[in-house]
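Beneath this line is the structure, given in structure tokens, with notes to follow.
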Amino acid sequence: MQEIFDQANAVLEEIKISNPATAEEVEQFRIKYLGTKSVLKDLFGAMGKLPNEKKKEYGQLMNALKDAAQQKFDGLAQSLEQGKSSNKEIPDLTAPGYDVPLGTRHPMSVIKNKMIDIFSRIGFTVAEGPEIEDDWHNFTALNLPADHPARDMQDTFFLTEDKNWMLRTHTSSVQIRVMENQKPPMRYIFPGRVYRNETITARAHCTFHQVEGLYIDENVSFADLKQTIMYFAQEMFGRNVEVRFRPSFFPFTEPSAEMDISCFVCGQKGCPVCKYSGWVEIGGCGMVDPAVLENCKLDPKKYSGFAFGMGIERITMLNYRINNLRLFLENDVRFLKQFESAQ
Ligand code: DAH
């Protein structure tokens, strides 16, 4: 008989010390002590085994048990509810903030900025011109009069029937705009987008970017040009890089040259980047043709200067060993996110 009382007291004790925390544990508690198959039901059932004089005492114990279980459950349910709503109302102001996802710079922007930085250290300033150009600035003033065969060097997107307006085919047009409006000494670079009516392949596109350079002063010589290009190449690609000038032709420069750098990919042993020649072309250059100076109302007897033009795509592809020009304009994030983060 005492056994039955002991059992009930043990359960009472159990209820008092139990400490469910999560919603799931609280539910387990409810099922165990207050559910339809609860422990208390069995204990109530045991009442029948007791002699009558003990029934009152046992009944009181049962009521105490039931109340204890109910009270405990109510308290737990309430604090669970409060926990939920208080989280909503009072955010934890000391919690660390969310990461703001930072993008990356386009590889062409990284290289363009680096080129600007390199040239600005030796006194070149950035200037820009329009992408829609007239015939004078894109061709005629650059010593390419109408019907000059060299116009065919660049396949042009003309915008008007009379072919007077076009998308500029090179940034050399900005040279003219600057020389028409400034006085020597002039030391400028012109980065920008250009357009040519070409089939899109891994190595050519109908739109690409150039950096043009121009230096006009008294007594500027080819040696100044060579030194400037050498400085640029070594700052851009490393101290061991060599520069080579090959005689060439451009209507706006005389003499003209094409600029090559020694292939730093293979150390001039021969590789696909340099087509097994050990040298990689980076652009054209030369001494500004006196006819061009005259077109811009500058006296060729007093002033001389050099100009050069380089493709930014080319330099970027060399720098990052990118082998397909089309990647630059496809905006595939898997490609783009490999480059410098935009901080
Ligand atoms: N404008 C030429 C081109 O797009 C590049 C060039 C060559 C620019 C020689 C120059 C230069 O300033 O001197 O093909």
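Read the numbers this way: they start at 1 and go in the same order the structure lists the ligands and their atoms. Numbers here are sequence positions counted from 1.
- In terms of modelled atom types and a separation under 3.5 Å, the side chain of H106 and the main chain of F328 share a donor-acceptor contact.
- Considering backbone and side-chain N/O of F250, none are found under 3.5 Å from N/O of ligand 1.
- Counting protein heavy atoms only, atom 2 (C) of ligand 1 is closest to F252 CZ, 3.9 Å.
- Without hydrogens or angle criteria, D224 side chain to V220 main chain gives no donor-acceptor distance under 3.5 Å.
- The atoms of ligand 1 that sit less than 4.0 Å from any heavy atom of Q175 are 12 (O).
- Using a 4.0 Å cut-off between heavy atoms, F308 contacts ligand 1 through its backbone alone, with no side-chain atom that close.
- Per-residue contacts place Q210 under 4.0 angstrom from the following atoms of ligand 1 (heavy atoms of the residue considered): 3 (C), 4 (O).
- Nearest approach of S173 to L142, heavy atoms of both residues: N-CD1, 4.0 Å.
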Would you check, one step at a time, whether the test ring pair (Phe, Tyr, Trp, His ring centres under 6.0 Å) holds for F308 with F119? CA-CA 12 Å; F308 57 84; F119 282 111; 5.3 Å; yes

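- Using a 4.0 Å cut-off to heavy atoms of A307, the atoms of ligand 1 that qualify are 12 (O), 13 (O).
- Near G286, meaning under 4.0 Å from one of its heavy atoms, ligand 1 places the atoms 13 (O).
- Residue G284 approaches ligand 1 through these ligand atoms, each under 4.0 Å from one of its heavy atoms: 7 (C), 9 (C), 11 (C).
- One finds a salt bridge joining R239 and E235 here, because a Lys/Arg side-chain nitrogen approaches an Asp/Glu carboxylate oxygen to under 4.0 Å.
- When only non-hydrogen protein atoms are considered, atom 14 (O) of ligand 1 lies nearest to R196 NH2, 3.7 Å.
- Between the side chains of Q70 and D74, at least one donor N or O lies within less than 3.5 Å of an accepting N or O.
- Residues R30 and E27 are paired through a salt bridge, judged by an N-O separation under 4.0 Å between the basic side chain and the carboxylate.
- If you check the side chains of Q2 and D6, you find a donor sitting under 3.5 Å from an acceptor.
- Protein heavy atom nearest atom 5 (C) of ligand 1, with residue, atom name and distance: G309 CA, 4.2 Å.
- There is a side-chain donor-acceptor pair under 3.5 Å between S172 and E212.
- Applying the 4.0 Å criterion to heavy atoms of T253 picks out, from ligand 1, the atoms 13 (O).
- Short contacts between ligand 1 and S172, defined as distances under 4.0 Å to a heavy atom of the residue, involve ligand atoms 1 (N), 8 (C).
- Geometrically, ligand 1 and T169 share no nitrogen or oxygen pair separated by less than 3.5 Å.
- The nearest heavy-atom contact from the protein to atom 10 (C) of ligand 1 is E212 OE2, 3.4 Å.
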